[in-house]
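The chains referred to below are lettered A, B, ... by the order of the sequence lines, with proteins before strands, and numbering in each begins at 1. The basis for the numbers below is simple: all heavy atoms, side chains too, and nothing from hydrogens, waters or symmetry mates.
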There are 2 protein chains.
Amino acid sequence: MRPLFHPAIEDVRPEAILHALADPSRAAIFAKIMQAGCVEACSAVSAVGDRVIPKSSLSNHFKVLREAGLIRSERHGVEVRNHSRWMEVEARFPGLLAGIINAYASDEGSHSHAAETP
Amino acid sequence: MRPLFHPAIEDVRPEAILHALADPSRAAIFAKIMQAGCVEACSAVSAVGDRVIPKSSLSNHFKVLREAGLIRSERHGVEVRNHSRWMEVEARFPGLLAGIINAYASDEGSHSHAAETP
DNA sequence: ACCCATAGTTCGGAACTTCGGAACTAACGG
DNA sequence: CCGTTAGTTCCGAAGTTCCGAACTATGGGT
């Protein structure tokens, strides 16, 4: 099995980050990895919101996040642990991730999933 | 001709903004509109960098930016004037656009077109 | 040592998106 | 009215994404 390629932080491109986080599922996965003490196994994210994500799609989502430079994945026995690269990315593109994560967070609050004030 | 639909600022979604700006051409167009006194005709942007953009692609890029809520387009005689909606978007998603535009700006500086320090 | 279960990856085809040339429409000037 | 300029629409080719099925890798149990 191939040894999980990660770009150097200098090679990380803004368009790759935006493309990766333009998908709400991936943005939610990334937010979860950051909040969950910066480590998360792939299988810990089997659904986003109420939507179940198939394994193959999930594998691809992690790959996109990894190759965008947003997470670092290490095989640890049978599972893969994912660390956010927040600090590196923050040093290279200050304010970018905070702006994006806050935007999704404030958007989630603004339209509830069910009816809220009928 | 259809009267150019613009979403209300409450209906603007983060994923649409990220998707719109994940394309470097569109990000450059948007940055240009903001810097150019917040008004810019479509035809003023015939190329991005050294790459010529066909009219139909350009028309589509403006449509994507418009429908993401990033710009406001008004027909003015034979041409269309585009205003950035920076302030509205900033009020809804603070720091988002600044983070993105800065990321692209700092990325442009970091990799010179020719070799620089051999 | 072997097999099984678990965790993730790869393959491949259907559905969707993007790109761009050609043809089109709309407004204005002469 | 015709020509020009500015932008839109159409449509086919090329590319991307999604997800089920088949596959590989690792570790535990017996």
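Put simply, the side chain of A/Arg75 never gets that close to the backbone of A/Val80: no donor and acceptor are under 3.5 Å apart. Side chain of A/Arg92 to backbone of A/Glu10: a donor-acceptor contact under 3.5 angstrom is found. Put simply, the side chain of A/Asn102 gets close to the backbone of A/Ala98: a donor and an acceptor are under 3.5 Å apart. Between the side chain of B/Tyr104 and the backbone N or O of B/Leu21 there is at least one donor-acceptor pair closer than 3.5 Å. Judged by distance alone, with hydrogens and angles left aside, the side-chain atoms of A/Glu74 form no donor-acceptor pair with the main-chain N or O of A/Asn82 at under 3.5 Å.
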Scan nucleotides 11-14 of chain D against the protein and return all N/O pairs shorter than 3.5 Å with their distances rounded to 0.1 Å.
none

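One donor-acceptor pair, N or O on each side, does fall under 3.5 Å between the base of D/dG20 and the side chain of A/Ser56.
Looking at heavy-atom distances under 4.0 Å, A/His19 makes contact with sugar-phosphate atoms alone, never a base.
Atom P of nucleotide C/dT17 and atom NZ of B/Lys63 are separated by 11 Å, given to the nearest angstrom. A straight line from CZ of A/Phe62 to C1' of C/dT9 spans 13 Å, rounded to a whole angstrom.
When the nucleotides D/dT8, D/dG7, C/dG8 are ranked by their closest atom to the side chain of B/Lys55, D/dG7 comes out on top. When the nucleotides C/dA26, C/dG8, D/dT26 are ranked by their closest atom to the side chain of A/Val80, C/dG8 comes out on top. Residue A/His61 places its side chain closer to D/dC18 than to any other of D/dC18, C/dT9, D/dG7. For B/Pro54, whose side chain is taken as the heavy atoms from C-beta onward, the closest listed nucleotide among C/dG21, D/dT8, C/dG8 is C/dG21.
Judged as a salt bridge (Lys or Arg N to Asp or Glu O under 4.0 Å), and not counting sequence neighbours, the contacts of A/Lys32 are A/Glu40.
Within the structure, every side-chain polar atom (N or O) of A/Ser57 is placed at least 4.0 Å from both OP1 and OP2 of D/dC18. For the OP1/OP2 pair of D/dG7 and a distance below 4.0 Å, the side-chain nitrogens and oxygens of B/Arg66 include no atom meeting the criterion.
No hydrogens or angles considered: a donor-acceptor pair under 3.5 Å links the side chains of B/Arg81 and B/His76.
Contacts between residues 21-33 of chain A and DNA chain C, defined by a heavy-atom separation below 4.0 Å, involve no residue at all.
Between B/Asp23 and B/His61, some side-chain heavy-atom pair lies under the 4.5 Å cut-off.
Mapping A/Val52 and A/Val78 onto DNA chain D by nearest heavy atom places A/Val52 at the nucleotide closer to the 5' end.
The heavy-atom pair separating A/Leu96 from A/Ile17 by the smallest distance is CD2-CG2, 4.1 Å.
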